[in-house]
Amino acid sequence: MGWGFRQMFNAIRCADCVRCRRAFPTRYNQPVPELPEVETVARSVDERVRGDQILDVWFSSHTQPFKTPPEVLASGLLGRVFLAVHRSGKHIVCELGPVQAALRNNPTFLTKARKNSPPIEPQNPVPEAQWIVHLGMTGRLLVADPATPAPPHTHARLTLSSGKELRFVDPRRFGRLDYKDLRLSEAFLTPGSEPLAIAPKAFAALFRNRRLPIKAALLNQSLLAGVGNIYADESLFRAGIRPRRIAGRLSRAELESLRHALQQVLRRAIRLGGSSVSDYVNAAGEPGFFQMEHCVYQRTGLPCRRCGATIRRIAIAGRSSHYCPHCQR
DNA sequence: ATATGGCCCTGGTTGC
DNA sequence: TGCAACCAGGGCCATA
C-alpha cells in the first residue's frame, strides 16, 4: 500500500513532463486525431512539402495501412510534386502535379527555388493525382531528416527533393493510405458536410427524422465529416444537450446551439494546435493540444467545471460518452 | 433504408 | 512483483 513502485514511476514521469504539467499521468498520451488535429497536421505538412518532388518511396510489409496497394502507390507517387496539402473531414489530401522527370534529375533545383518565396509554380499547376492519408487513431505524418532513424511502426517513407523525408507512422494500424489518379477517377470527397462551414438550415436538416442518439449522429462521418468522440462530447456539453437525446427530437434552437458550440470548440482547438504547429513535426510528433481544457471528456467522476456535479460516463453506439447530469438535459 | 454491434490493432493501465 | 487481461476508438462490414 501507499507509495508503490507504479505510483512513483508515474509521478517521476509526470514531474518530468514539462509539456503537459498534468497531475494525471494518463493524460499525456497522444490525442486521437479529429478535425482540429488533422487540420493542424495538414497545414504543417503543406508548409514543409509544398513544391517538393517525390524521388523515392518505401513501404512496410503490413497490409492494413494500404487502402491502395503499395505497388500502385509507389508507381503513382514517384516523380510527382506536392502542389498543396489540405484537410477534408479527417483525411489529409495531398494534391500532386504531373510527373516531372527533369526535376527528378536535379534534386537541388527545388531546394534553391523554394528559398525565393512565393513557392515555385510547376509548369502545370492542375493536380493530376491525390495521396490521401487517414491517421486513424494513432497515425502521424512526420517530416524528418532521413538520417534520423525511423521510429517503430513506420509504414511509409517518401524521399523528397529538398532532402527531407515524409514519414507515415502508425502503431495501431487503423490509419489508411489511399491514392486517386484524377485522370481516371473523381477527386476525393468526404460524404459528410464540413462542420466549420455548414449553415444552420443544412445542419438542422442532417438530423431531421433521425432516430438515433445525437451523440451517435455527430460521430457519423457521412453526416458531418471530422467530428470524433472528444469534440462530440465537448460540444454537447457546451450546448447543454444530453448525448442520449434522439437526434430527430431536438428543437431548432437546440440544434442551432449545438452547431454554434461545435464550431466554437473546433475553432478553439485549431487555434491551440496551431500555436505549436511550428515544431509539431520536429518534436517527435508531440502535438500541441494539451492546452485544450476538456469540460467532460475523460473527466468521469470529477466535478463539472461549471456546476460541480459529478461527470458521468455512459456507452453510446459502442463509444464512451461523458456528460454533466446537471448542465445537460 | 437505417441503425447497431463486432472486429481490427498496440500500448498503457489495471487486476490478480 | 510480474504477468495477463482489459480498454481506448475510427471506419468498415455484417446483421437486424
Side-chain angles (χ1 to χ4, degrees), chain A residues 1-14 17 20 22-39 41 60-68 87-92 132-141 151-155 168-178 188-192 195 205-234 243-249 284-286 289 294 296-301 313-322:
Chain A
M1 293 299 285
W3 200 244
F5 168 79
R6 189 176 294 142
Q7 285 85 354
M8 208 160 73
F9 179 67
N10 283 340
I12 290 165
R13 288 222 302 184
C14 213
C17 183
C20 72
R22 292 270 185 170
F24 306 102
T26 53
R27 288 284 189 275
Y28 51 83
N29 45 357
Q30 188 194 353
V32 176
E34 296 188 24
L35 188 151
E37 289 82 355
V38 177
E39 175 76 29
V41 174
S60 77
S61 56
H62 287 102
T63 56
Q64 298 94 340
F66 300 98
K67 197 167 179 180
T68 297
R87 175 192 64 80
S88 177
K90 284 181 204 171
H91 298 262
I92 298 165
I132 301 125
V133 179
H134 193 291
L135 300 175
M137 283 184 67
T138 53
R140 296 186 312 206
L141 202 53
H153 310 294
T154 298
H155 299 292
F168 176 66
V169 183
D170 185 13
R172 227 168 282 185
R173 306 210 286 269
F174 279 11
R176 293 292 179 265
L177 302 179
D178 200 0
F188 174 82
L189 196 66
T190 46
L206 290 178
F207 305 104
R208 201 163 292 144
N209 298 327
R210 298 267 169 189
R211 303 214 47 79
L212 76 170
I214 183 65
K215 171 64 185 289
L218 283 174
L219 293 180
N220 186 338
Q221 299 297 299
S222 58
L223 296 178
L224 284 171
V227 182
N229 213 24
I230 300 171
Y231 299 104
D233 277 5
E234 292 301 317
R244 263 215 241 275
R245 293 274 304 282
I246 299 301
R249 296 232 183 102
E286 198 64 75
F289 291 89
H294 297 141
V296 288
Y297 183 73
Q298 284 192 344
R299 298 196 72 246
T300 313
R313 177 185 170 280
I314 54 172
I316 297 172
R319 298 281 180 268
S320 65
S321 292
H322 314 75

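Note that this is a predicted model, so its numbers are computed, not measured. Computed from heavy atoms alone, side chains included, the values below leave out hydrogens, waters and symmetry copies. Here is the naming used below: chain letters follow the sequence lines, and residue numbers restart at 1 for every chain.
- Ring orientation note: the planes of A/His155 and A/His153 are tilted relative to one another, at an angle of 30° to 60°.
- Straight-line distance from the CG atom of A/Leu206 to the C1' atom of B/dT2: 15 Å, rounded to whole Å.
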Using side chain to side chain contact (heavy atoms under 4.5 Å, CB included), reason through A/Phe207 and A/Ile214 one step at a time and then give a plain yes or no. CA-CA 8 Å; A/Phe207 305 104; A/Ile214 183 65; 3.9 Å; yes

Could you walk me through whether A/Ile230 and A/Glu34 pass the side chain to side chain contact (heavy atoms under 4.5 Å, CB included) test, one step at a time? CA-CA 8 Å; A/Ile230 300 171; A/Glu34 296 188 24; 3.3 Å; yes

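- In terms of phosphate contacts, A/Arg210 brings no side-chain nitrogen or oxygen within less than 4.0 Å of OP1 or OP2 of B/dT2.
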Verdict with reasoning, A/Asn229 to A/Leu219, per side chain to side chain contact (heavy atoms under 4.5 Å, CB included): CA-CA 7 Å; A/Asn229 213 24; A/Leu219 293 180; 4.0 Å; yes

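- The side chain of A/His153 contributes an N or O atom lying less than 4.0 Å from OP1 or OP2 of B/dG11.
- Between A/His134 and A/His91, the ring planes lie perpendicular to each other; the angle is over 60°, past the 30° to 60° tilted range.
- Taking atom CG of A/Leu135 as the reference point, atom P of B/dT10 lies 18 Å away to the nearest angstrom.
- Spacing between atom CD1 of A/Ile246 and atom P of B/dA3 amounts to 10 Å, rounded to whole angstrom units.
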Summary of protein contacts for nucleotides 9-16 of chain C, nucleotide by nucleotide, where a base hit scores B, a sugar-phosphate-only hit scores S (4.0 Å, heavy atoms): BBBS----

Test side chain to side chain contact (heavy atoms under 4.5 Å, CB included) on A/Leu135 and A/Asp170 and set out the steps. CA-CA 8 Å; A/Leu135 300 175; A/Asp170 185 13; over 6 Å; no

